[in-house]
There are 2 protein chains.
Amino acid sequence: MTGLRERQKADRNRRILEAASTLFGQMGYEAARIDTIAEVAEVSVGTLYNYFENKADLLLAIVSMEVEEVLAQGEVVVARPPETAIQAMSVLIRTYYDHSLVYLTKAMWRSAMAMTIQQPEAPFSRRYRELDAALAAQVCRLIATLQTRGDVRQGIGATALGEMAFNDLNALFTEFILDEDQPLAQLRARLDAHLSAFTTLIAT
Amino acid sequence: MTGLRERQKADRNRRILEAASTLFGQMGYEAARIDTIAEVAEVSVGTLYNYFENKADLLLAIVSMEVEEVLAQGEVVVARPPETAIQAMSVLIRTYYDHSLVYLTKAMWRSAMAMTIQQPEAPFSRRYRELDAALAAQVCRLIATLQTRGDVRQGIGATALGEMAFNDLNALFTEFILDEDQPLAQLRARLDAHLSAFTTLIAT
DNA sequence: CTGCAAAAATGAACTGCTTCAACTTTTTTC
DNA sequence: GAAAAAAGTTGAAGCAGTTCATTTTTGCAG
């Protein structure tokens, strides 16, 4: 693990990710040229392509790091869920939403989403879907907890409910990302409206 | 409307769509070259780009025609919905699902979806989202009918329920499209599982 | 330390979508 | 019906992402 080759490899990987992250943020995903990223990372274009399958793959590596952070934050909420069912759901999903534009722009999200759809077999597309599934599972676990606590009616699996909720909240997020004019506040408002309807359905 | 220029324009448009449709179907979206499409349509590449913004836009024009057909078929179901709530929903959504691979391949769907996300402002992306909204509205209308008929509980707006259901069914469809190995039968099975949970939630 | 094999880096060439300045056709004007 | 204007067509050049044969570097055995 401490061989020269290993260390150089890890370092190049880091430099590429750092360069890409900076440039995507500064000038947007589309405008950032592979040549420029390679130059800033101090590797050749060919080497960059030894480390990442293509440009979108590089972006998805960055997106994945972002989602991993959100997952960790969500874990805190699930561990100690707020009082009411609607509050608990609202706090968890806001954790997701509020974090979404810290490191990434809407354009970056759009490109990342587009790639996972277009090339579902690429390694980082798989990783992205895994993380997405992990987020959905987190929502399911929250609902299961609420069910145990007696805030959500029995008779329907927490997984079924959680996946339904997640799919809905994901759709809201996608619409938010697609509309450059929609502010985060509006996304939050729409979230609350949907959660209100949903919790009415599932409340005891 | 009968000026020479108008007629030539309509004819070129038709020829391009026909050529693209044939080639996408025959050899797949990625493998079909713009040059080839232009050649088959008997126009120059430049002309093709006068009629369509880009390759994906051309694909979306074809996808739109497909969705329009599905919308018309769905209208028949909504006009005379089957006996039970779960049957009604199942029949409507199966109308959507079953029709989806008649003219389009999974790869074509993936490319179309990816483009609407990546370039939301392109004219046919807007059109695609409009059609998507029309499908969602159709589901909402079905639920409203079921509500009037007394099969679905009052107190929650049919639109809220319909949109939630649609987002869920859309997510199922997206997973189907992303997985080249998943057969239509499995999508139908998953649909029934989700609808079962959903109708339990919303039934009177 | 030297030579050899394996691994990795390199960047010029390639690919296929897209653009645009020059050209052609159609319509309008007088 | 000729001339001017408007609309539309054309294909070669441009562009940016990607590939791959060549070169360089690293690890290892003798």
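By convention in this document, chain letters (A, B, ...) are assigned in the order of the sequence lines, proteins followed by strands, and residues within each chain are numbered from 1. Values reported hereafter were calculated over all heavy atoms of this structure, with side chains retained and with hydrogens, waters and symmetry mates removed.
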(message) Taking atom OH as the centre, does B/Tyr103 end up with more than 12 heavy-atom neighbours from other residues, nucleotides or ligands that are less than 6.0 angstrom away?
(response)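 At most 12 heavy atoms, drawn from other residues, nucleotides or ligands, come within 6.0 Å of this atom.
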(request) Look at the side chain of A/Thr199 and the backbone N and O of A/Ala85, then say whether any donor-acceptor pair between them is shorter than 3.5 Å. (result)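 Not a single qualifying donor-acceptor pair exists.
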Atom [atom1] of [X] and atom [atom2] of [Y]: how far apart are they, to the nearest 0.5 Å?
| X | Y | atom1 | atom2 | result |
| --- | --- | --- | --- | --- |
| B/Arg153 | B/Ile202 | CZ | CD1 | 9.0 Å |
| A/Leu59 | A/Asn54 | CG | CG | 10.0 Å |
| A/Ile156 | B/Thr200 | CD1 | OG1 | 5.0 Å |
| B/Ser125 | B/Glu130 | OG | CD | 11.5 Å |

(request) Sequence neighbours left out, what pairs pass ring pair (Phe, Tyr, Trp, His ring centres under 6.0 Å) with at least one residue falling in residues 5-42 of chain A? (result)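 Ring pair (Phe, Tyr, Trp, His ring centres under 6.0 Å) check on residues 5-42 of chain A returns A/Phe24-A/Tyr29.
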Counting only non-hydrogen atoms, which of [range] are less than 4.0 Å from DNA chain C?
| range | result |
| --- | --- |
| residues 33-42 of chain B | B/Arg33, B/Ile34 |
| residues 45-56 of chain A | A/Gly46, A/Thr47, A/Asn50, A/Tyr51 |
| residues 121-129 of chain B | none |

What is the distance from [atom1] of [X] to [atom2] of [N], rounded to the nearest Å?
| X | N | atom1 | atom2 | answer |
| --- | --- | --- | --- | --- |
| A/Gln119 | D/dG17 | CD | C1' | 12 Å |
| B/Leu58 | C/dT18 | CG | P | 10 Å |
| A/Leu23 | D/dA16 | CG | P | 15 Å |
| A/Leu59 | D/dG17 | CG | P | 13 Å |
| A/Glu30 | C/dC17 | CD | P | 17 Å |

(request) Could you check whether the rings of B/Phe173 and B/Trp109 sit parallel, tilted or perpendicular, using 30° and 60° as the cut-offs? (result)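 Ring orientation, 0 to 90° scale: perpendicular.
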(message) Among residues at least two apart in sequence or on other chains, which ones pass salt bridge (charged side-chain N to carboxylate O under 4.0 Å, His left out) with A/Arg14?
(response)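 Only A/Asp11, A/Glu18 meet the salt bridge (charged side-chain N to carboxylate O under 4.0 Å, His left out) criterion with A/Arg14.
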(request) Check whether the side chains of A/Asp168 and B/Asn167 place a donor and an acceptor atom closer than 3.5 Å, and report yes or no. (result)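 Short answer, yes.
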(message) Just by distance, no angles: are the side chains of A/Glu175 and A/Gln186 close enough, under 3.5 Å, to form a donor-acceptor pair?
(response)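 No, A/Gln186 and A/Glu175 have no side-chain donor paired with an acceptor closer than 3.5 Å.
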(request) List the atom of A/Thr116, the atom of B/Leu178, and the distance in Å for their closest heavy-atom pair. (result)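 Minimum heavy-atom separation between A/Thr116 and B/Leu178: O-CD2, 4.1 Å.
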(request) Identify the heavy atoms of B/Thr95 and B/Gly74 that sit nearest to each other, and give their distance. (result)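 Nearest pair, atom of B/Thr95 first, then B/Gly74: CG2-N, 4.1 Å.
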(message) When you measure from the side-chain N and O atoms of B/Gln8 to the phosphate of D/dG8, is any distance below 4.0 Å, counting only OP1 and OP2?
(response)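 For D/dG8, neither OP1 nor OP2 has a side-chain N or O of B/Gln8 closer than 4.0 Å.
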(request) Would you please confirm or rule out a distance under 4.0 Å between OP1 or OP2 of D/dT9 and any side-chain N or O of B/Arg12? (result)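 True: B/Arg12 side-chain N/O within range (under 4.0 Å) of D/dT9 OP1/OP2.
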Could you list all N or O pairs between the protein and nucleotides 1-7 of chain D that sit under 3.5 Å apart?
from  : atom 1 : to     : atom 2 : distance (Å)
D/dA7 : O4'    : B/Arg5 : NH1    : 2.9

(request) Quick one: label B/Ala31 by what it contacts on the DNA or RNA (base, sugar-phosphate, nothing), any heavy atom closer than 4.0 Å. (result)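 No contact.
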